[in-house]
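Below: the structure, in structure tokens.
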Amino acid sequence: MREEFAVLDLGSGKINFVVGVKSVDNIFFVKNFATAEYSGYFNGEWIAPELLKNDIAEVIKKSKFNYKIKTLFVAVPSEFTFARTSGILSDAGRSKTVTSSTIKDIHKKADAFKVKGYTALCSSAIEYVLDGSRRTLHPIGEIAKNVYANMSYIFCKEEFIARIYKIAMELGFKYVRFVDGIWAEGTQLIDEDTRIDDVVMIDVGYASTTFTLIKGEGIKYKKDYPFGSGFIIDALAKALEVEYDVAKSLMGKVTLNIESDSTSVYQYEIGNRKYECSAKEINSFLHGYILENLVDFINACIKEVKSNDELSVAQNSFDGAAGYSITPDTRFYLVGGGLSEYRGAANFFARALGRDVSLITADTAGWDKPYFASMFATLEIADKMSQKNSILERLFR
């Protein structure tokens, strides 16, 4: 029997808890699952920290979990982490075969990085460059004098770790492993052949959006924006002068990527009465509001990445320095429990950004929804850690 894993996924508006085990065909089978809305977090701070233990306990209880599994894997929200990059050079002095020991030594050097108030979650390689020119994600077995590793590091707020660790211990777990949810989504659910080049992932949640640039096994750039679907629903409620729950129900009927004609309507209910509103006016309002907030944020991130790359190339004497990370051919992905659950969201972003935009989902029948991506990506990491796969992903907690 293969090992079972318990994962706690803390979104900005919902908590997911799952127990999964991989089947013989390498697909996760879900044994326990529950989800629940809670107060969440905003801009890197818990909204109601005094309620967090009870919220977590209730969703675990709802899943009918029996605590036989003693290790809890926690998908850490992006607003409690930050990413940085740095290069590490391993020079053998002469040409020789690159071995797993060479790569492990590079990762050991990464252990020296410390940031006050933060704990390192993982170090991973964006790419390796052999002898100043040959780029690869898999250097083992190659012949080279020196190996330059372009490394990515993820750090988590110690306050977050201490709080969640204490709650997990009090609930009955013995061990806790913290995994950056955004890093897990990008490196586990986007195939490796695509990650040879830079890819952009946009994770829109209830009260938080993260723009991430991913390459190889690492994150090159990550930026958070305290904005999500909750703000959009709230704005719609105010525009219609209705309660939040009414606007939320109406959003479920919207198709974001269409331009409705003047005769189309959306229906909503208040109590026992039914109302109609112009689909064209609703879509026009939503398009303008999303463009002004999320799309402007995404375009600002794209501009910042290009500016950073120009500066990096100008200052880097290393012959293999990369050019622009985001090009017209860069792949874009949408994920998260915010807009992705609404019809036409990916197509709307594609049109707004002038690019193809794909949804990220887990490869598990019945669970292939963007809002479960972080949960299943963390299950993938848990499974790999159990196999002691520590060359490409080194997890510290």
(message) With no hydrogens and no angle check, just 3.5 Å: does a side-chain donor-acceptor pair link Asn16 and Tyr371?
(response) no
- Message: Could you check whether Tyr118 and Phe155 have their ring centres less than 6.0 Å apart?
- Response: no
Item to check | 4.5 Å side-chain heavy-atom contact, Ile290 and Ile232 | outcome: yes
Discussion item. Atom CD of residue position Glu50 - does it have more than 12 heavy atoms of other residues, nucleotides or ligands inside 6.0 Å?
Written reply: yes
### Message
I'd like to know if the side chain of Lys222 and the backbone of Ile154 have a donor-acceptor N/O pair within less than 3.5 Å.
### Response
no
Note: Leu189 and Ala373 closest approach over all heavy atoms is CD1-O, 3.4 Å
Exercise. Is Phe285 close to Ile282 at the side-chain level, that is, under 4.5 Å between some pair of heavy atoms?
Worked result: no
Aromatic ring pairing Phe231/Phe42, orientation class (parallel under 30°, perpendicular over 60°, tilted between):
tilted
Checking Ile167, Leu171, Ile15 against Leu8 for side-chain contact (heavy atoms from CB on, under 4.5 Å), the one that qualifies is Ile15
| Check: Ser374/Asp9 side-chain N/O donor and acceptor closer than 3.5 Å | yes
**Prompt:** Above 12 or not: heavy atoms from other molecules or residues under 6.0 Å from NZ of Lys157?
**Reply:** yes
For atom CD of Glu243, decide whether the heavy atoms of other residues, nucleotides or ligands shown that lie under 6.0 angstrom number more than 12.
-> no
Query raised in the report: Do other residues, nucleotides or ligands put more than 12 heavy atoms under 6.0 Å from the NZ atom of Lys253?
Result: yes
Review point. If you draw a 6.0 Å radius around CD in Glu341, do more than 12 non-hydrogen atoms from other residues or ligands fall strictly inside?
Key: yes
Do Val98 and Ile143 belong together in a cluster built from hydrophobic side chains that touch within less than 4.5 Å? no
Smallest heavy-atom separation, Tyr41 atom then Ser208 atom, equals CE1-CB, 4.3 Å
Please check if the side chain of Ser249 supplies one atom and the backbone of Val246 the other of a donor-acceptor pair under 3.5 Å. no
Between Thr85 and Ile126 the two heavy atoms that sit nearest each other are CG2-CD1, 3.7 Å
Exactly one candidate in Ile258, Asn257, Leu256 meets side-chain contact (heavy atoms from CB on, under 4.5 Å) with Val254; the answer is Leu256
Heavy-atom nearest pair, Met169 first then Tyr175, reads CE-N, 3.7 Å
| query | Taking everything shown except Asp25 itself, do over 12 heavy atoms lie less than 6.0 Å from its CG? | reply | yes
Exercise. Quick one: do Trp46 and Arg163 satisfy side-chain contact (heavy atoms from CB on, under 4.5 Å)? Show the steps, please.
Key: CA-CA 11 Å; Trp46 297 109; Arg163 184 183 298 276; 3.7 Å; yes
Check: Would you say Val295 and Phe349 make side-chain contact, with heavy atoms under 4.5 Å?
Finding: yes
Could you see if Tyr128 belongs to whatever hydrophobic cluster contains Ile140? Use Ile, Leu, Val, Met, Phe, Trp, Tyr and a side-chain cutoff under 4.5 Å.
yes
May I have the step-by-step check of side-chain contact (heavy atoms from CB on, under 4.5 Å) for Phe297 and Lys223, ending in yes or no? CA-CA 10 Å; Phe297 164 69; Lys223 192 164 189 176; 4.2 Å; yes
Can you tell me if Arg331 has over 12 outside heavy atoms packed within less than 6.0 Å of its CZ? no
Discussion item. Check for me, please, whether Tyr342 and Val265 land in the same ILVMFWY cluster - side-chain distances under 4.5 Å, paths through other members count.
Written reply: no
Margin query: One pair to check against side-chain contact (heavy atoms from CB on, under 4.5 Å): Thr71 and Met385. What are the steps and the verdict?
Written below: CA-CA 12 Å; Thr71 300; Met385 286 183 68; over 6 Å; no
Closest heavy-atom pair, Met201 versus Ile360, reported as atoms and distance to 0.1 Å, is SD-CD1, 3.5 Å
| query | In terms of hydrophobic clusters joined by side-chain contacts under 4.5 Å, are Leu51 and Phe17 together? | reply | no
In this structure, CG of Asp180 is separated from CG of Leu121 (nearest 0.5 Å) by 6.5 Å
- Message: Quick one about Glu304 and Tyr221 (side-chain donor to acceptor, distance below 3.5 Å, no hydrogens or angles considered), yes or no?
- Response: yes
Verify whether one side chain among Ser325 and Lys215 offers a donor that lies under 3.5 Å from an acceptor in the other. no
How about Thr263 and Asp261: does a side-chain donor come under 3.5 Å of a side-chain acceptor?
yes
Check: Do Phe178 and Cys156 touch side chain to side chain, with heavy atoms closer than 4.5 Å?
Finding: no
Closest heavy-atom pair, Lys96 versus Ala92, reported as atoms and distance to 0.1 Å, is CD-CB, 3.4 Å
### Message
Between Val18 and Thr378, is there a side-chain heavy-atom distance shorter than 4.5 Å?
### Response
no
Open item on the list: Salt bridge or not between Lys384 and Glu380? Use side-chain N to carboxylate O under 4.0 Å.
Closed with: no
The reported gap from CG in Leu353 to CD1 in Ile202 (rounded to nearest 0.5 angstrom) is 5.5 Å
Interatomic distance, CD1@Ile381 vs CD@Gln188, rounded to 0.5 Å, equals 3.5 Å
Only residue of Phe28, Trp367, Phe65 satisfying ring-ring contact (aromatic ring centres under 6.0 Å, His included) with Phe33 is Trp367
| Are Phe227 and Leu291 co-members of a hydrophobic cluster defined by side-chain heavy atoms under 4.5 Å apart? | yes
- Query: Below 4.0 angstrom, N of the basic side chain to O of the carboxylate: do Glu58 and Lys62 qualify?
  - Reply: no
dist Asp245:CG -> Ile270:CD1 (nearest 0.5 Å) comes out at 11.5 Å
Neighbour count above 12 (heavy atom, 6.0 Å) for Asp234 CG:
yes
To the nearest 0.5 Å, atom CZ of Arg94 lies from atom CG of Asn146 at 13.5 Å
Query raised in the report: Got Leu72 and Arg177 here, is their nearest side-chain heavy-atom distance under 4.5 Å?
Result: no
Note to self: Ring-plane angle category for Phe348 and His287, please: parallel below 30°, perpendicular beyond 60°, tilted otherwise.
What the structure shows: parallel
Sub-4.5 Å side-chain heavy-atom contact between Phe211 and Ile302:
yes
Can you tell if the side chain of Lys22 reaches within under 4.5 Å of the side chain of Glu3, non-hydrogen atoms only? no
To the nearest 0.5 Å, atom NZ of Lys166 lies from atom CG of Leu52 at 11.5 Å
